[in-house]
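Every chain is numbered from 1 and lettered A, B, ... according to where its sequence line falls, protein lines coming before strand lines.
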Amino acid sequence: MSEASTDARTGTDIARRTAPLSVVVGAIGLLQNVLVPAIAIGVSGIGGQGRFLLAVGMVVAAVVFGSAGGYLRWRRLTYTIGAADIRVESGILSRSARSVPYERIQDVSLEAKLLPRLLGLVTVKFETGAGGGEDLSLQYLTNAEGDRLRKLVRERRDEEQAAASGDEAVETDTDEPEGEVLYSLPPRRLLTFGLFEFSLAVFAVLGGALQYLDSFAGIEVWDVDLWRDLAEEHGVDWLALDARLKALSAVTGLFTLVLIGMATGVARTFAREWGFTLTRGPRGFRRLRGMFTRTDVVMPAHRVQALVIGTGLVRYRFGWHGLSFVSLAQDAGDASHVVAPFAKMDEIAPIVAAAGFHLPGADTDWHRASRRYLTDSILIDGGLFALAVIPVALFAPPLWALVPLGLAFFGAAAAVLSWRFKRHALDDTQIFARHGLLSPTSKIATRLKLHSVEIAQGPLARWRGYATVHLGLAGGEFAMHGVPLNEARRLRASVLETISATDYSRLDAPLEDGPDQAFSAAQSGFSANLAAT
Amino acid sequence: MDQSVAPSPSGLPVDDDGALTRLHPNYTHALRVKTVLMAIPFLVAALVAETIIRDAPLPFSLPPGAIAGPVLLIAIVLVIRVPSRRYNARGYQISADRLRVVRGLLWRSDTVVPFGRVQHIDVDQGPLERFFGIATLTLHTAGNHNASVSLPGLEEELARTMREEIRAHIRRESM
């Protein structure tokens, strides 16, 4: 037994509280929420002369009552590191207790938003893969306590697995080496990435803020007369603006829009991905990212169920792709973990290899979707609008018929474009599928980690002899559309052959290293898992 | 009857596209009764609507049975025709290490679950199913798609035998 775990064992079964500073963080958070309405009341006409007093009173009351509530909640929330599980008891009046056994904890991730980060606090999340956000989390422990807890949970899990196998020789290393950096985003790359993340979200925020101003400050933002009066007050003659000036302003406006969109994209990307580092340690992948909210996520390599390689309309033309892992643990509501948001394919390849997968090669035998499927989707996607041309041409003004005609054209074009990327391939260990309209998204799954195979056919598909193949994938969907029926059957037979060869309980075994994999040494840390199975 | 053939998990060649075993004929009857129970509220609603319209001062007069007639017709088709077709469309195939379930009249679906991926197994019986001596076998997997695959209309005893066989297989594998 290592030192750290005996140390922890003495602390076993003691109910602990979260860091006292979390009360302060809660109070400051409240202050932020109440400050804007208070200022709005202060500057607006609500309450007449006493409005400043009202605003100040509001802030004070919110902070006092909020902090008192926060303090009580803090007093009443305790967590216990038990021998077999972690228990959290909480609630001021109605008490609730939740217990999570160590063996059910998939990941322990640490997250620090800006304010807690300044105070040296983290949120510790125990991911169980239960789905629906029903995970256990402890808000605001000190950094040291968070790290200690994470280490402890991993040790307990490994110990449990070692005990289950009855093997005493399993060693668990307590201090974790940093591991090899697989991928990182330097600021320069981040800037390029940001330019592709064009976003007009700032206008939504602006619109929201204006709405807020509208309702709280009583200024009619959407009132054209107000602005016209304002303009005329400053000596602008509304009618004198001539057409050329209007055109110029339109162009300037568009240019500004693009500029703002790009600036927003860059700012958002910097905030989200700053300091992005992916390392491969003995316990799996570890991802650090975030400027204001710093997150630290660990993903055991054997939990990776499938890979998704996505890209964007424009960035695809420049050879940029993004890689995410599909696993049972959730990442901020997203079912997959982004491990390389913006990378060239030759940077993605080593990460893929480290996860025990491989990319499709030149010898990969791709199969396209059925030609009949293409014909049918053109007819359905374009044909429905084409049919609408007739009544529109008969009953509407002449040129209106162009609208459904254009839509029919776009529908048919979309069908052709999406067929262009649609394909799948099967090799000895993996299954690949690709789809997309203007840029391709690829999915890679191990044949071994699939759970069921379904061949589904609608009436049309049955008549035309193609099918949709659904694969049961833990943590995600995997479907291939328009596969010729014979090919679908062949696919199912070979996938099932692989699945049947290995039982579910052996799935978590370490990935079998091929001779071409450079990371076999790093995987020795999974010996505990091997022993468990 | 097909049901008399007990599934022999050993020795059967693994053939996904081979002949399907049919469900217990009582499944059709259970479906019929279920459809009748579902149709009754609609029929009652149609009759009520008819009386209301007959009493209402309308500029035109509806012939008697203008609403209840079509509803009754649809109900009869649903009760007599659809259950037997649905029964014919369903089938299953059990082999040494997998269960194949085929279902659907218009939208056909053909699912195979290997026993090695079964998380847990349910055998359910509703009151109707109990009356007809049939049961539903449900296999749960860890995949998001087909998280549970159910096979209704098995003879009660057969459903339990199948459950035991699949369970034995799981235990053998995970030893």
A:Ile499, part contacting chain B, at a heavy-atom distance under 4.5 Å: both

Crowding at CZ, A:Arg371 (>12 non-hydrogen neighbours, <6.0 Å): no

Among B:Asn146, B:Val101, B:Asp110, B:Val112, side chain to side chain contact (heavy atoms under 4.5 Å, CB included) partner for A:Glu454: B:Asn146

Chain A contacts, top residue of B:Leu106, B:Val113, B:Val102 (heavy-atom pairs, under 4.5 Å): B:Leu106

Part of A:Leu460 within contact of chain B (heavy atom distance under 4.5 Å): neither

Proximity breakdown for B:Leu139 and chain A, heavy-atom pairs closer than 4.5 Å: neither

Rounded distance [0.5 Å steps], CZ in A:Arg492 versus OG1 in B:Thr111: 8.0 Å

Distance in Å, B:His169 NE2 paired with A:Ser500 OG, rounded so as to fall on 0.5 Å steps: 7.0 Å

Reported NE2-to-NE2 distance for the pair A:His451 and B:His145, which is rounded to 0.5 angstrom: 13.5 Å

A:Phe421, CZ atom: more than 12 neighbouring heavy atoms under 6.0 Å: yes

Atom pair CG (A:Leu473) and OG1 (B:Thr141), whose distance is rounded to the nearest 0.5 Å: 10.5 Å

Least distance between heavy atoms, A:Pro459 atom then B:Trp107 atom: CD-CE2, 3.5 Å

Whether B:Arg108 side chain and A:Arg462 backbone form a donor-acceptor pair below 3.5 Å: no

Spacing of OG belonging to A:Ser452 relative to CG belonging to B:Leu99, to within rounding of 0.5 Å: 11.5 Å

Step-by-step side-chain contact (heavy atoms from CB on, under 4.5 Å) determination, B:Arg117 to A:Lys449: CA-CA 9 Å; B:Arg117 294 293 179 279; A:Lys449 287 187 180 176; over 6 Å; no

